Amino acid sequence: MQLTLLKCKLHRACVTHAEVDYEGSCAIDEELLRRAGIREYEQIQIYNVTNGERFTTYAIRAEAGSRVISVNGAAAHKAAPGDRVIICAYAGMSEAQSRVFKPSLVYLDESNRIIRTGESIPAQAA
């Protein structure tokens, strides 16, 4: 059996640009891509915490250290500069692999600086 698990995420990234007249995709600071483990051209899911939109696109590289999160093309209608988003990538794996796998979780502040990282999400209290 193949399972699809969260591979990595950038939690509460702040959108810096929304460019409709662009080929498409989401440009992400190269350092943030590396820290999260998101590959260039990898499919990503974006969950807009600000307006509730959820959409699929792919990641492209923005200049390292720029802190850019640019939602491009048609997806630019689903996010605006200043919106907080969660950017996730998923991976397929066997049940045995899933027992030992740990996701890469990167938490960002409003300036897209890393404030902490982790490998697990605490159980949610009621």
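By convention here, the first residue in the shown sequence is residue 1. What you are looking at is a predicted structure, and each value in this text was computed from that prediction instead of being measured.
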Thr16 versus Arg67, closest heavy-atom pair with distance
CG2-O, 3.5 Å
Minimum heavy-atom distance Glu42-Ala89, with the two atoms named
OE2-CB, 3.6 Å
Non-neighbouring partners of Thr117 that pass side chain to side chain contact (heavy atoms under 4.5 Å, CB included), sequence neighbours left out
Arg35, Val106, Ile114
How far apart are the closest heavy atoms of Phe55 and Ala75, and which atoms are they?
CE1-CB, 3.6 Å
Could you work out, with side chain to side chain contact (heavy atoms under 4.5 Å, CB included) as the rule, every residue matching Ser111, not counting sequence neighbours?
Asp109, Arg113
According to a hydrophobic-cluster definition based on side-chain heavy atoms being under 4.5 Å apart (Ile, Leu, Val, Met, Phe, Trp, Tyr only), do Tyr47 and Leu6 belong together?
yes
Are Leu108 and Ile121 connected in a single hydrophobic cluster, I mean Ile/Leu/Val/Met/Phe/Trp/Tyr linked by side-chain heavy atoms less than 4.5 Å apart?
no
Minimum heavy-atom distance Thr56-Gln45, with the two atoms named:
OG1-NE2, 2.8 Å
Applying side chain to side chain contact (heavy atoms under 4.5 Å, CB included), can you list everything that pairs with Arg99, at least two apart in sequence or on another chain?
Glu95, Ala96
Residues at least two apart in sequence or cross-chain that pass salt bridge (charged side-chain N to carboxylate O under 4.0 Å, His left out) with Glu31, listed by chain then number, are none
More than 12 heavy atoms from other groups under 6.0 Å of CD on Glu63
no
At their closest point, which heavy atom of Ser25 faces which heavy atom of Ile60, and how far apart are they?
OG-CD1, 3.4 Å
Are Leu32 and Ile87 packed together at the side-chain level, in the sense that at least one heavy-atom pair is separated by less than 4.5 angstrom?
no
Does some side-chain heavy atom of Ile44 sit less than 4.5 Å from a side-chain heavy atom of Ile28?
yes
Co-members of Val20 in a cluster of I, L, V, M, F, W and Y side chains, linked at under 4.5 Å:
none
Please identify each residue that fulfils side chain to side chain contact (heavy atoms under 4.5 Å, CB included) with Ala80, with sequence neighbours left out.
Asp83
Look at atom CZ of Arg84 and say whether more than 12 heavy atoms of other residues, nucleotides or ligands are closer to it than 6.0 Å.
yes
So that I can tick it off, tell me whether Lys78 and Glu53 are bridged by a salt bridge, with the cut-off set at under 4.0 angstrom between side-chain N and carboxylate O.
yes
Counting C-beta onward and ignoring hydrogens, is there a side-chain heavy-atom pair between Leu3 and Phe101 closer than 4.5 Å?
no
For Cys88 and Ile86, which heavy atoms make the closest approach, and how far apart are they?
SG-CG2, 3.6 Å
